[in-house]
Chemist: 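Sharing a structure below in structure tokens format, with a few things to ask.
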Amino acid sequence: MRSSPLADRQSPLVRWSAVARFLHWLVALLIAVQFVLGWLAVSWHLSPTKLNLFVWHKSTGMLVLALVLVRLAWRATHRVPALPLRMRRWERIAAGASHGLLYVAMLALPLSGWVINSASGVPFRIYWRIPLPSIAAPDKHLADLASAVHLALGIALLVLLLVHVAAALRHHYIQRDDVLARMLPWRSPLR
Ligand code: HEM
Ligand code: HEM
């Protein structure tokens with residue numbers, strides 16, 4: 001039964017592969033760093049430190065975009081572990097939908113940041129080295145709009161992550177299945 005676009009090609013693998021686990025936790029860590037850098041950069045007083053915080057934030061955001069594209073490419077070409085058989089239909093749909101929305105937010109956040117940067121007309125080099133091409137002409141209204149979208153997407157991602165973590169903990173402590181254990185970066189005994 002196809003329960004969601006992300007739930008296809010499921011197989012009886014017992015855990016996520018090392019590549020999938022590495023990408024999941026690396027991107028999760030970088031996104032946490034991004035929230036700290038984003039809010040620090042916005043609230044810092046005008047100084048060279050503020051500009052450096054923005055370079056780190058924008059560069060790491062572009063790195064997240066690249067890693068999410070690699071992750072999606074990996075996802076499209078590999079089998080993934082099947083959800084536990086006893087999960088109900090609504091739970092499968094909720095898992096597929098929330099994972100899909102997480103991917104959308106992980107792509108849309110850096111893309112909206114890229115639009116802010118382009119529409120502001122600020123030349124920018126990723127990690128002070130690689131010039132970032134412009135994807136929009138300089139336009140103050142577009143920059144303000146992209147900035148509002150970027151903030152809204154950030155808040156939406158935080159809400160999705162709350163649900164995501166709560167669901168992972170529910171699987172582990174209430175349903176007592178392997179869903180969390182098989183995504184953990186270290187070897188843990190599967191129940
Ligand atoms: C920024 C933080 C995070 C993001 C963006 C994120 C995103 C995702 C996405 C998109 C998937 C679906 C993978 C796929 O089907 O291709 C996933 C799976 C998973 N995540 Fe996260 N995650 C984050 C943090 C966490 C945390 C903190 C936990 C644990 C408390 C967690 C537990 C899991 C588990 C257990 C799965 C596997 C679900 C399954 O087997 O179907 N994630 N995550
Ligand atoms: C996963 C990636 C990203 C996350 C989670 C993220 C998150 C955030 C957060 C939480 C803020 C502070 C709140 C606000 O919007 O005012 C922020 C601000 C900002 N971010 Fe990002 N961001 C990401 C990627 C990027 C990228 C790739 C760029 C540019 C290339 C960028 C450019 C900006 C700019 C210019 C601001 C200041 C916005 C303003 O002045 O209103 N961000 N970001």
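Worth saying up front: this structure is predicted, and the values here are computed from it rather than measured. Indexing begins at 1, ligand by ligand and atom by atom, following the structure's order.
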Chemist: Please answer whether the main-chain N or O of Val122 pairs with a side-chain N or O of Ser120 as donor and acceptor at a distance below 3.5 Å.
Modeler: no
Chemist: Is it true that Val165 lies under 4.0 Å from ligand 1, counting heavy atoms only?
Modeler: yes
Chemist: Report yes if the side chains of Ser17 and Phe22 come closer than 4.5 Å at any heavy-atom pair, otherwise no.
Modeler: no
Chemist: Return yes if some donor-acceptor pair links the side-chain N/O of Trp56 with the main-chain N/O of Ala41 below 3.5 Å, else return no.
Modeler: no
Chemist: Counting distance only, does the side-chain N/O of Ser59 pair as donor-acceptor with the main-chain N or O of Tyr127 below 3.5 Å?
Modeler: yes
Chemist: Can you check the angle at atom 21 (Fe) of ligand 1 formed by NE2 of His164 and NE2 of His24? Round it to the nearest 10°.
Modeler: 180°
Chemist: Taking only heavy atoms of Leu102 into account, list the atoms of ligand 1 that are under 4.0 Å away from them.
Modeler: 7 (C), 8 (C), 10 (C)
Chemist: Just heavy atoms, cut-off under 4.0 Å: does Trp25 contact ligand 1 by side chain, backbone, both, or neither?
Modeler: side chain
Chemist: Would you mind telling me if ligand 1 is within reach of the side chain of Leu161, the backbone, both or neither, using heavy atoms under 4.0 Å?
Modeler: side chain
Chemist: State the atoms of ligand 1, each with its element, that fall below the 4.0 Å cut-off from a heavy-atom position in Leu83.
Modeler: 41 (O)
Chemist: When the aromatic ring centroids of Phe54 and Trp44 are compared, is their separation below 6.0 Å?
Modeler: no
Chemist: Any side-chain to backbone donor/acceptor pair from Trp114 onto Leu132? Under 3.5 Å, distance only.
Modeler: no
Chemist: Identify, chain by chain and in numerical order, each protein residue with a heavy atom under 4.0 Å from an atom of ligand 2.
Modeler: Gln34, Phe35, Gly38, Trp39, Val42, Phe54, His57, Lys58, Gly61, Met62, Val64, Leu109, Pro110, Gly113, Trp114, Ile116, Ser147, His150, Leu151
Chemist: Short list, please: which atoms of ligand 1 are under 4.0 Å from a heavy atom of Arg182?
Modeler: 39 (C), 40 (O), 41 (O)
Chemist: Are the side chains of Leu109 and Leu157 in touch, meaning some heavy atoms are under 4.5 Å apart?
Modeler: yes
Chemist: As an exercise, identify every atom of ligand 1 less than 4.0 angstrom from a heavy atom of Ala28.
Modeler: 1 (C), 2 (C), 3 (C)
Chemist: What are the atoms of ligand 1, with element, lying closer than 4.0 Å to any heavy atom of Leu180?
Modeler: 29 (C), 35 (C)
Chemist: First locate atom CD1 of Ile116, then atom NE2 of His150, and finally report the distance between them rounded to the nearest 0.5 Å.
Modeler: 4.5 Å
Chemist: Under 4.0 Å, heavy-atom basis, I'd like to know which part of His171 is in contact with ligand 1: side chain, backbone, both or neither.
Modeler: neither
Chemist: Tell me whether the rings of His164 and His99 are parallel (<30°), tilted (30 to 60°) or perpendicular (>60°).
Modeler: perpendicular
Chemist: Donor-acceptor pair, distance only, cut-off 3.5 Å: does the side chain of Gln175 make one with the backbone of Arg170?
Modeler: no
